[in-house]
Amino acid sequence: MTGPAAPAFSIRPEAAEAPPSGIVEVFSYARGREDLIPLYVGEGDLPTPGFLVEAAQSALAAGETFYTWQRGLPELREAIARYHARVWGAQVSPDRFTVTIGGMHATQMAMRIVAGPGDEVLIPSPAWPNFDGAVRVAGAAPVAVPLSAGPAGWRLDLGRLAAAVTPRTRAMLINSPANPTGWTATREDLAGILALARRHGLWIVADEIYARFVHDPVLVAAGRSPSFRDVMEEGDRVMFVQTFSKNWAMTGWRLGWLETPPDLGPIIENLVQYSTSGVPAFLQRAAICALDEGEELVADQIARARRGRAIVCEGLAATNVVDLPPPPAAFYAFFRVLGRPDSRRLALELVDRAGVGLAPGSAFGEGGTAHLRLCFLRDPGQLEEAVARLARVLPDLARPQAN
Ligand code: PMP
């Protein structure tokens, strides 16, 4: 990926060369089209429910309008700790948590702590493009480690990951369950990655934000995806990126958290001071409410994703021109159309011919150039309509004989 043209005046290369998002092109192409079903963005279609909106409104009305704790309200950090005890059965001390402006800000701070110019960060790929961007903005070099796609879905070859380590490697950014592939590391995968990190003194930045959006029956029985938390010990160099965006339908609130070993607390406090200077206190009141009273909402979101997955996977399989192993987790269908390796062109054609907006796989790195990403955390009726439209045109657009 190449960045935008360098401006005439002198600015830092990390800023000038930040790569553009490949999703934006399709998004801009489709802008203003009536009747388009937009499935390219990674978010659900339900607005944040009233009980969370009211929590923020009453905090605002009560005058919570001042500068606040750099690392987050103590009450919120305690609520995050309670949430970890509930979901992961883990006793995590609140001093490991910092409240952030979404998962993106957490990722960005993690990168600024672990990597800079001359350093490399390994990223299993295809991957959410913001990982690549966050590494580059920190001045470091992302190194994509290709996941392999097979009939049973995506896999990470640990040997391949190990072979990508060089003397410059500082960290591995591991997103499981993954956007866009749905790849979900097994406990053994995680133990292997951790062993590799220990052997080379690398950081792991773990993005497990989709941990609860599981669909595969084995994962559903466990209630969540395997976590580094299941295999790590005190002293391991692992950070966790988290967000309120997906579980609680709060993408626009920009709320998340970063978990680190506690001795990094004072360093993170400074990084917050010199970037955002903290997350608005009245928003944090809604975050506390989400963690303590939002379980029904999370269950509804997961059920909506699971229903969407069934509609999309069954509907697209019936076209016989789509290669889509059902994703074990998260809320994306990442599929290939037979004989069409050019996802960018195909995504533009689908805007015109089907009135459906999909993200081109090329936006997620090399291993994804032949794929399209569809977000299925949406209204089931709308998904049925989108699948019907795709089923009408895909057999025409596919070239099965070319495969
Ligand atoms: N991690 C992954 C894997 C994501 O897909 C996203 C959002 N698409 C995020 C982090 C960040 O979400 P936010 O900044 O909204 O919290």
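Given the structure is predicted, the values throughout are model-derived calculations rather than measurements.
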When Thr100 is tested against each of Arg254, Met109, Gln108, Arg71 for side chain to side chain contact (heavy atoms under 4.5 Å, CB included), which residue passes?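 Of Arg254, Met109, Gln108, Arg71, side chain to side chain contact (heavy atoms under 4.5 Å, CB included) with Thr100 is met by Met109 alone.
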Salt bridge between [X] and [Y], side-chain N to carboxylate O under 4.0 Å?
X	Y	answer
Asp342	Arg340	yes
Glu295	Arg212	yes
Arg112	Glu14	no
Arg307	Asp379	no
Asp45	Arg304	yes
Arg353	Asp396	yes
Glu43	Arg378	no

Find out whether Tyr332 and Asn179 are in side-chain contact, i.e. whether some heavy atom of one side chain is under 4.5 Å from a heavy atom of the other.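 Yes, at least one pair of side-chain atoms sits under 4.5 Å.
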Tell me which pairs pass side-chain hydrogen bond (donor to acceptor under 3.5 Å, both in side chains) where either residue lies in residues 281-293, with sequence neighbours left out.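 For residues 281-293, and leaving out neighbouring residues, the side-chain hydrogen bond (donor to acceptor under 3.5 Å, both in side chains) pairs sorted by first residue read Glu64-Arg285, Glu75-Arg285, Arg82-Asp292.
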Has Arg373 got its NZ or CZ under 6.0 Å from the middle of the six-membered ring of Tyr40, at an angle within 45 degrees of the ring axis?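 Not flagged: Arg373 not positioned over aromatic ring of Tyr40.
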Would you give the length of the straight line joining atom CG of Leu377 to atom CG of Leu383, rounded to the nearest 0.5 angstrom?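 CG of Leu383 is found 9.0 Å from CG of Leu377.
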Enter the distance from Ile113:CD1 to Arg170:CZ here, rounded to the nearest 0.5 Å.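 It comes to 15.5 Å.
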Contact list for residues 129-152, test ring pair (Phe, Tyr, Trp, His ring centres under 6.0 Å), sequence neighbours left out: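 Sorted pair list: Trp128-Phe131.
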Using every non-hydrogen atom in the two residues, find where Ala115 and Ala140 come nearest and quote the distance to one decimal.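 Nearest pair, atom of Ala115 first, then Ala140: CB-CB, 3.7 Å.
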Can you name the side chain to side chain contact (heavy atoms under 4.5 Å, CB included) partners of Ser343, sequence neighbours left out?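 Ser343 satisfies side chain to side chain contact (heavy atoms under 4.5 Å, CB included) with Pro360, Ser362, Leu372 only.
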For Asp352, all residues meeting side chain to side chain contact (heavy atoms under 4.5 Å, CB included), sequence neighbours excluded: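 Here the qualifying residues are Tyr29, Arg33.
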Go through it in stages, so that I can follow the logic: the residues are Trp257 and Phe240, the test is ring pair (Phe, Tyr, Trp, His ring centres under 6.0 Å), and I'd like the CA-CA distance, side-chain angles, deciding distance and then a yes or no. CA-CA 8 Å; Trp257 68 90; Phe240 292 90; over 10 Å; no
For Tyr83 and Asn247: C-alpha separation, side-chain torsions, deciding distance, then whether side chain to side chain donor-acceptor pair (under 3.5 Å) applies. CA-CA 12 Å; Tyr83 179 72; Asn247 287 1; 3.1 Å; yes
Surrounding CZ of Arg168 (heavy atoms of other residues, nucleotides or ligands, distance under 6.0 Å), is the total greater than 12?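 Atom CZ in Arg168 is not crowded, with 12 or fewer foreign heavy atoms closer than 6.0 Å.
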Tell me, yes or no, whether the heavy-atom count around Trp69 atom CH2, taken from other residues, nucleotides or ligands under 6.0 Å, exceeds 12.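 No, the 6.0 Å shell around CH2 holds no more than 12 heavy atoms from other groups.
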With sequence neighbours excluded, tell me which residues meet side-chain hydrogen bond (donor to acceptor under 3.5 Å, both in side chains) with Arg160.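 side-chain hydrogen bond (donor to acceptor under 3.5 Å, both in side chains) list for Arg160, sorted by chain: empty.
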Test side-chain hydrogen bond (donor to acceptor under 3.5 Å, both in side chains) applied to Glu366 - qualifying residues, sequence neighbours left out: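 Partners of Glu366 under the side-chain hydrogen bond (donor to acceptor under 3.5 Å, both in side chains) test: none.
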Taking it one step at a time, do Phe331 and Tyr210 satisfy ring pair (Phe, Tyr, Trp, His ring centres under 6.0 Å)? CA-CA 8 Å; Phe331 43 74; Tyr210 297 106; 5.2 Å; yes
